[in-house]
Amino acid sequence: MNTSDRQNDIVALIRERGLLGIDLLAEHFAVTPQTIRRDVNALCDANILRRRHGGAELLQAATNSPYDSRRITNLAAKRRVGAAVAGLIPNHASVMLGIGTTPEQVALALTGHDDLTVITNNLNVAMALSANRSNRVVIAGGTLRLPDRDLLGPEAEALFRGYRADFGVFGVGGIDADGTLLDFDRAEVAAREALRESCRHAILVADRSKFGRPAPAHGGALSSADTLVLDAAPPPALAALAEAAGVRLVLPEGEIAA
């Protein structure tokens, strides 16, 4: 197990069980306490965990962690998700891409596609896909949110509602145990829902850290996506929700469940 996979599994275990001690984590993962401390320190630096009483617990934040931290957190997993989504989208398609670091990885994976019409409120996405001169890139107006480099508000919502795209790709801040989709700002939810409602095929992208991750603003549900692309299988309860709603589940390894 490499460091990134172990750190992902540490977060998942703490999310499931709550506060856990360094020694217990070391025993669980069959590594030294020093190795676990390094992992925990990295996760604390990324504002995912916080140290407490000789162990670590999930950081229950009302605001999202800094963009640059999120950009490198679970990066390998996000790249796998991006590649899987790129495999679902053909050349010459129209695609809406939302905000966040996972949609950015989807955009980077799409750079080999030709003649895309891209509608986005994510400047990172726009810059990645503007490198191919066969693409048409349409971006929202308004005030740029820094350091995320995205645009939210009425202009972004109006942009998405003014088009009908073949595909819509969006991420979320978190996915609650009942399948409710969560974000850190009402404007993020409003833009996401405008995107989802304005595409023919809605693709929700997420890495495993989003399961059970708290965020204060809610809107939409797991069942409102047509396809769910994840880096790993979801918790059984969420998998059952997706199956009951007829949501297609795609994993980077190629395993597909309907």
Side-chain angles (χ1 to χ4, degrees), residues 46-47 61-75 77-79 81-82 85-86 89 94-111 116-130 137-163 165 167-175 180-199 202-207 209-210 213-222 224-225 227-231:
N47 293 313
T63 58
N64 209 351
S65 55
Y67 190 85
D68 287 342
S69 293
R70 287 183 280 128
R71 210 172 198 178
I72 61 173
T73 300
N74 299 334
L75 179 57
K78 292 173 183 177
R79 284 174 173 164
V81 169
V85 174
I89 296 174
S94 54
V95 187
M96 292 180 172
L97 285 142
I99 67 172
T101 57
T102 307
E104 180 183 359
Q105 290 301 319
V106 174
L108 291 169
L110 285 169
T111 54
L116 297 176
T117 296
V118 179
I119 302 105
T120 187
N121 61 333
N122 185 332
L123 193 58
N124 296 310
V125 164
M127 294 305 294
L129 291 171
S130 65
V137 180
V138 184
I139 61 175
T143 302
L144 191 64
R145 183 173 66 162
L146 298 173
D148 297 54
R149 293 183 286 276
D150 57 36
L151 295 126
L152 297 171
E155 296 95 338
E157 296 168 45
L159 172 72
F160 291 132
R161 295 196 187 281
Y163 288 85
F167 298 92
V169 180
F170 60 95
V172 291
I175 303 173
T180 299
L181 304 183
L182 307 173
D183 271 304
F184 291 87
D185 189 294
R186 286 301 309 166
E188 294 175 344
V189 173
R192 167 166 56 76
E193 286 297 281
L195 183 159
R196 182 187 61 78
E197 293 168 4
S198 301
C199 62
I203 301 174
L204 170 58
V205 294
D207 65 88
S209 71
K210 300 299 175 69
R213 185 189 187 200
H218 68 88
L222 195 69
S224 60
T227 297
L228 177 60
V229 183
L230 307 172
D231 68 310

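Residues take their numbers from the sequence shown, with the count starting at 1.
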Is it the case that the side chain of [X] and the backbone of [Y] share a donor-acceptor pair, with hydrogens and angles ignored and the cut-off at 3.5 Å?
| X | Y | result |
| --- | --- | --- |
| N122 | D150 | no |
| T120 | A126 | no |
| R186 | A217 | no |

Show the nearest heavy-atom pair for residues A77 and D231, with the distance to one decimal.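 For A77 versus D231, the nearest heavy atoms are CB-OD2, 3.4 Å.
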
Which atom of P103 lies closest to which atom of G171, heavy atoms considered: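 In terms of heavy atoms, the two residues are closest at CG-N, 3.7 Å.
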
Using side chain to side chain donor-acceptor pair (under 3.5 Å) as the criterion, list what pairs up with [X], not counting sequence neighbours.
| X | answer |
| --- | --- |
| T180 | D178 |
| R161 | E197 |
| E193 | R196 |
| R79 | none |

Counting only heavy atoms not in I139 (residues, nucleotides, ligands), do more than 12 fall under 6.0 Å from its CD1?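 No, CD1 of I139 has 12 or fewer neighbouring heavy atoms, counting only those of other groups under 6.0 Å.
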
How would you list, by chain and number, every residue that makes a side chain to side chain contact (heavy atoms under 4.5 Å, CB included) with [X], sequence neighbours excluded?
| X | result |
| --- | --- |
| L181 | F170, V172, I175, R192, L204, S224 |
| T227 | L88, H201, I203, V229, R248, V250 |
| A140 | N121, L151, A156, L159 |

If only side-chain N and O atoms count, and only distance matters, is there a donor-acceptor pair under 3.5 Å linking S209 with D207?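 Yes, a side-chain donor-acceptor pair sits under 3.5 Å.
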
[Y] side chain reached by [X] side chain, heavy atoms, under 4.5 Å:
| X | Y | answer |
| --- | --- | --- |
| E188 | I99 | yes |
| F184 | P216 | yes |
| T111 | L129 | yes |

Check this for me, if you would: do R149 and E104 make a salt bridge, where the nitrogen-to-carboxylate-oxygen distance has to be below 4.0 angstrom?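 So R149 does not pair with E104 through a salt bridge.
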
According to salt bridge (charged side-chain N to carboxylate O under 4.0 Å, His left out), who are the partners of E155, at least two apart in sequence or on a separate chain?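 In terms of salt bridge (charged side-chain N to carboxylate O under 4.0 Å, His left out), with neighbours along the sequence ignored, E155 is linked to no residue.
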
Please identify which of these residues, L195, V106, T102, meets the side-chain contact (heavy atoms from CB on, under 4.5 Å) condition with V169.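 Considering L195, V106, T102, a side-chain contact (heavy atoms from CB on, under 4.5 Å) with V169 is found only for V106.
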
